[in-house]
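The structure under discussion appears below in the form of structure tokens.
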Amino acid sequence: MLAYIGRRALLAVFTVWAISVLAFAIIQLPPGDYVTSYIAQMASTGSVVSEEEAETLRIQYGLGQPMYVQYLKWTGQVVQGNFGMSMEWRRPVGEVIGERLWLTVVVSVAALILTWGLALPIGIYSAVRQYSVGDYVATFIGFIGLAVPNFLLALVLLYLGFVFFNANIGGLFSPELQDAPWSAARVWDLMKHLPIPALILGLAGTAQQIRIMRANLLDELRKPYVVTARSKGLAEARVILKYPVRVALNPFASTIGYTLPYIVSGSIIVSLVLGLPTVGPLLLKALIAQDMFLAGTIVLLLGLMTVIGTLISDILLVWIDPRIRLEET
Amino acid sequence: MARPEAALDPARVPESEATAVVGDQRLFVASQWQLMWWRFRKHKLAVASAIVILGFYAVVVGADFLAYADPDLSEAQRSLMPPQRLYWFDGWRFAPHVHAVKGARDPQTFKRVYRTDPGEKVPVRLFAKGFEYHFFGLIPMNRHLIGVDADRDASKTIFLLGTDVQGRDLWSRLVYGTRISLTIGLVGVAMSLVLGVLLGGISGFYGGILDTLIQRVIEILRSIPTIPLWMGLAAALPRDWTILQIYFAITIIISLLGWTELARVVRGRFLALREEDFVVSARLVGCSQMRTIFVHMVPSFMSHIIAATTLALPAMIVSETALSFLGLGLRPPAISWGVLLQQAQNVQTVAISPWLMLPAVPVIVAVMAFNFLGDGLRDAADPYGR
Amino acid sequence: MSQRRPRTRTLRSALTLILAGALLSAVAAAGALAQGGKSSLIGKLEGPEVVTDSGKWPKAFKEAPQLAELVKAGKLPPVAERIGQDPLVIKPLKEVGKYGGVWRAGFTGPADFWNGFRCCSGPDHLMFWDYTGDKVMPNLAKGLEMQDGGRTWLLSLRRGMKWSDGKPFTADDFVFWFEDIYRNKDLVPTPSAAMAINGKQGTIEKADTYTVRYKFPEPYFMLPDVLAGSTDLAGQWNGYKGMGGFAPAHYLKQFHPKYVSAADLDKRVKDLKFDSWVRLFLNRNDWAINPDLPVLSPWKTATPINTATWTLERNPYSVFVDTAGNQLPYLDRVVLTLAENLEVLNLRAIAGEYDYASRHVDLGKLPVFLENQQKGNYKVYLDPGDYCDLIIKFNLNYDADPEIGKWFNTADFRRALSLGIDRDQINETFWLGTGTPGSVVPVDSNKYNPGPQYRKLWSTLDLKKANEMLDKIGLAKKDAEGYRLRADGKGRLRIEIMTLGGQFVQYTQISEMIREQWKKIGIDLKVQEVERSLALQRTANNEQQLAAWNNDGSEHLFTFPLHVFPYELAAVASSGPHYVRWFHSAGAQGKEPEPRMKELMEKWKKAFGVPEKERIQLGKEVWRIAAEEVYIIGVVGQGPAAMGVRVVKNGMGNIPARMYNSPDGKTPGISRPATFFWKN
């Protein structure tokens, strides 16, 4: 068991390193660099940046050096906990992200709760009443989230919220409480703003979870012990819920690990449309501006989350399901 | 391989099911594909979806025929027209027609206001002549499903789904958009298929270091958020390519990320099948590796691959819309669902011209249909299921 | 029978009445519709005025209640002392206002500093425009006197005027800027063209405590305009790039190697996590980022632009006062909240979450704004600019394809393409009919406008003439689809236009429309939308063919020539990078332009050194050449697309019916937001 964890952990470290290289490379792919983006930005507002000033900026930001030098410098800093300076925000990257990272987690967790809240019942119902009308209807509802273009839905909900409920436009807080210190009122404010983002984000992942739940449960329902339980006279509900569902949930527990980062990545566009103060819009803007360290750090963090998540999932799976453990050894 | 006993287990099969099952004899000699088909038929939603998808591809083939207006023809005086009402009867006669429309900009509200003139009826004809096009790129034709009399121009008179901000007919644009959206994804899916089967197969069949390596690559690719990858790769493409060329390149980029799912499935199947009796016996009999793989193993999970591929298409469609939103995918003057949705992605559309959001409907229907079809195929393909 | 007749008669008269009524309302409606030109949303140009007659200045001053509290507590000197002997007196547009309240608005991120410059920096120009955008008036400086035939200018400062931390604002701050910032090659690698006349740099020296002397080797008659406009010499908002014309010496010295030991400076640089002292210095001199920076604007940054909320608070040492002696601004705070994308920002404005918004407001959403005026409790105003909203530039130096380069340099080719554009369509679709189709020249009332006939010169829709012209110059042969063939026999003539997405004007969509229109004159246009940095790269590498952009600022021809002729290399749309180099190096580098372009450039340069009357004449000739040669095609102008849609809450006072919309005027700065107040 320990050997397994050790091996996986080692592989995880390697994966993270590979991600860091890829992240850095991706940021560099578009032509130009932060300075060209900055100049263009200035130009579009009527300010002019001369060639010499551009060169000076490049030197000051260290953009003139070859790629691998910049990469090594960055990784050297990252390992020490210093993520570098965001050129666009002119603040340390850690500061720029820090405020938003846990808000991103909050939104994603809310979405996750909603996903499971919808997917589990629908999956169970779908497995038990396979091919019935109810199955089709429930599945239909579950899959709608996957099919609706969520950026359009987000805009529509924003507008409807304004028209019918005079709701704040986007964001996770009311303007008054945006920068206020934490209090019960602010937490409640956050709760009030969560439903729309959670709904849009949560619906997208429902389909996949329904499939998994249904498949797992179908597998379980075929097992002899279910037949036995039924023939022994147990009520149908108990037959299903007490054993098969709990067994079918096992793989679910292991999917928590990588579902969360999956939702975070998938929320980038919706966060932008809804104007949420999360990591998504920050990443998009950083990519466009080619703000190297900020974009690279966020991509690295997201990748890291996924790798850790997968690692946890695999370990959980092994721990919960003895059969896999035996197979490995 | 089917296990007929499971299918006929009386404790498991409800009444209706038992009678629906084909007679015992045919079941025992049916081929793999026939078994799949019978199982597939039971999944009503999947069957319905298949029909819907066939309908979509009929639109793809006949886009020129179904459109009645030139999708690029702009006219400011027709900007933002709401959908026109099609009247089926003129008095008691069956005479489909629309009313002529005149519009102007209201100086107070700055909206374009359109008034229909019930007095001026424009008859709508079936199989009318309209703008010229080449069917299949070869046969010049000018017949369209609907149109108007020769003395008028359909581009200027019929607007079944309204017009966009440049006065272009939405229905015609939607029809052409369908063509591009549903065909371009196929290339990417094909690529994903090839890569997935190849790499997944190698991984599962040979195992060992090769397997670990490929698994690591898959994990790395899955850990990186897709959007930065798209943006980076898209920005690195040469800028003087045509829009369509860029889009092909982007679908290839998407598929470079999408093969991981298929590879996982294939690898899993290979791992499971490797230990199966029939594979072992094939090797023992003296079949070469190639023969073992292609003649014996692959047919066993062909159905899984079909199912997985079908499920990859809706992901392609959704990715296309997301890419267009980000400005990376197809851009005007190309027309696709993504482009149409991107042009509807603003407050004034939601508030004042909501018909411009109609392209979302075919997207939703197509994605759902492909998903149900894929699920149905997968259920049907699984020999150990019901 | 008898009963029917009265009924018929009544019926007939009723019908007649109805018909008459319908006719009348139809006429009225037709009249209203036909009046499409001037909308009720465009009011009369008006604004507050600076009172220059010191006899009329108030003798006693009042201040905001919270400042009065601080004075009582001994934390602030009394208001008269803070303002000094020469207040900057502004007569509010409508009435003397009341203190108190917050101004809420939105911004889009750390790159949106012009948002703050425009609304809240004062403007802190030394001189400034009056509300018509035409006359130069004293602003932070009390007066400007010309001597020595224009070679020397004396700028008198206001006695007793102070920085926001209470230290005096004197000529020393000018000398510090000139000697220690402008002339420091690390901080400012390239000298500014604003400090030069005919390519020769001038100097700044101290005449006495409150007088600054500008000395130039040749007469520099344009200096007042330069000190009034948004130029490098004009104000502290420019500090982030080391410009501004003046800087708080007493504060910035601690970051400068001339005044602080190298070791101390290094330590400070490391502590604040900067890479070099230059970065640190420029960061500290940044009006939008550094809350500790002493400023002269009515509000100063309290929480910087690189956070989620950009707050500005009242400057207790503000030199601005109203005619009743109240120290301005009336509003206590300006709070700009971050909007992650433009739809969200506009929707917030529609919902009435902003008190005053004009930046980033999308003209295409005008109907939605109007629809929600009552619900949001605001009023919508339109402020059309005086410039051309949409222009198309030809890159005259394009040489990657010699044939195309040749055509770009053929005047009749450009003119024909201009005649092939249906401007009315574009105006109606994208400007909702509020713009004026026409050439590049500014509005008729602009002093440099060469004459009303130049509005339509080469700028109407004339397909017949366009086709004739193109036939005549050698592009008469067409292919099977009607597109013109190249003269060199290499197939179809294809040209490409480069556009940017996400701007105030919908360049890409408009170019699509133009593509369809140019089909009718046989020109195959490809529309290529690119991101900003790519646009820059292509123009700098001379890869751009045509580009769509806007011409805002050009109504002040001499301070904003960016898009009138090839002036700047780092531009997102260029008319010819080789010509730019030629222009700035006085012929040493680059390529010499063709005669008429050369004439235009020379006239422009000459205008800086001649008195006003001659300058106006030269300006008119510059525009005349531009309109005749069509180096740049003007499409739609004098529209409100760029910051011209204004949304103001109903309770705000001193709001003009129409503002002068100009980057030089830092609109809304030109209408003195310091005089805005809450009426209740």
Side-chain angles (χ1 to χ4, degrees), chain A residues 30-56 59-62 82 85-86 88-92 96 99 155 158-159 162-163 166-171 175 178-179 271-277 280-282 284-285 288-290, chain C residues 104 109-114 186 188-190 230 238 241-242 273-276 278-279 283 286 289 303-304 306-309 311 335 337-341 343-345 347-348 350-351 353 372 375 500 503 531-537 540 549 552-553 560 562 567-573 663:
Chain A
D33 52 25
Y34 175 72
V35 175
T36 50
S37 176
Y38 169 77
I39 295 175
Q41 175 83 43
M42 293 299 104
S44 60
T45 55
S47 268
V48 165
V49 176
S50 64
E51 272 185 1
E52 287 86 352
E53 188 182 336
E55 252 334 285
T56 317
I59 296 173
Q60 285 167 3
Y61 283 130
N82 169 14
M85 196 71 132
S86 161
E88 171 131 9
W89 291 81
R90 288 170 273 186
R91 283 166 76 194
V96 180
E99 319 174 332
L155 188 60
L158 261 189
Y159 180 73
F162 154 62
V163 167
N166 278 333
N168 288 132
I169 307 297
Q178 177 88 32
D179 294 312
S271 296
L272 183 69
V273 175
L274 288 177
L276 302 180
L282 197 62
L284 273 176
K285 292 216 179 114
I288 292 174
Q290 294 186 264
Chain C
R104 300 168 307 161
D112 196 18
F113 33 84
W114 268 82
D186 293 320
V188 178
T190 332
S230 295
N238 247 321
K241 39 182 174 142
K273 297 206 185 112
F274 282 90
D275 286 330
S276 65
V278 172
R279 289 279 104 226
N283 178 288
D286 190 328
I289 285 220
T303 62
N306 57 358
T307 57
T309 311
T311 342
V335 176
T337 42
L338 185 62
E340 302 286 354
N341 74 71
E343 296 298 317
V344 166
L345 193 147
L347 201 47
R348 285 182 182 157
I350 291 170
E353 281 185 23
N372 286 288
K375 184 169 179 182
L500 249 63
Q503 307 295 316
E531 308 106 58
R532 291 187 307 243
S533 26
L534 196 56
L536 259 186
Q537 213 178 27
W549 199 236
D552 71 334
F560 269 82
L562 234 314
Y567 181 78
E568 194 46 61
L569 269 185
V572 290

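Chain letters run A, B, ... following the sequence lines, proteins first and then strands; every chain starts at 1.
Across all non-hydrogen atoms, the minimal contact from C:E340 to A:K285 is O-NZ, 3.2 Å. Of all non-hydrogen atoms in C:V344 and A:V273, the two that sit nearest each other are CG2-O, 3.1 Å. Nearest heavy atoms, C:K375 versus A:N166: CE-OD1, 3.1 Å. Taking both residues in full, the closest heavy atoms of C:N341 and A:G275 are given as ND2-N, 4.4 Å, listed atom of the first, atom of the second, then distance.
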Original post:
Yes or no on side-chain contact (heavy atoms from CB on, under 4.5 Å) for C:D286 and A:R90, after CA distance, side-chain angles and deciding distance?
Top reply: CA-CA 11 Å; C:D286 190 328; A:R90 288 170 273 186; 2.8 Å; yes

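With sequence neighbours excluded, the residues satisfying side chain to side chain donor-acceptor pair (under 3.5 Å) with C:T311 are C:T303.
Both the backbone and the side chain of A:N168 come within contact range of chain C, judged by heavy atoms closer than 4.5 Å. Contact of A:L155 with chain C is made through the side chain alone, with heavy-atom distances under 4.5 Å. The parts of C:T307 that come within reach of chain A are both its backbone and its side chain, each placing non-hydrogen atoms under 4.5 angstrom from that chain.
Atom CZ of A:F162 and atom CD1 of C:I350 lie 7.0 Å apart (nearest 0.5 Å). The CZ atom of C:R348 lies 9.0 Å from the CG atom of A:L158; values are rounded to the nearest 0.5 Å.
In terms of non-hydrogen atom pairs under 4.5 Å with chain A, the most contact-rich of C:T309, C:T337, C:V335 is C:T309.
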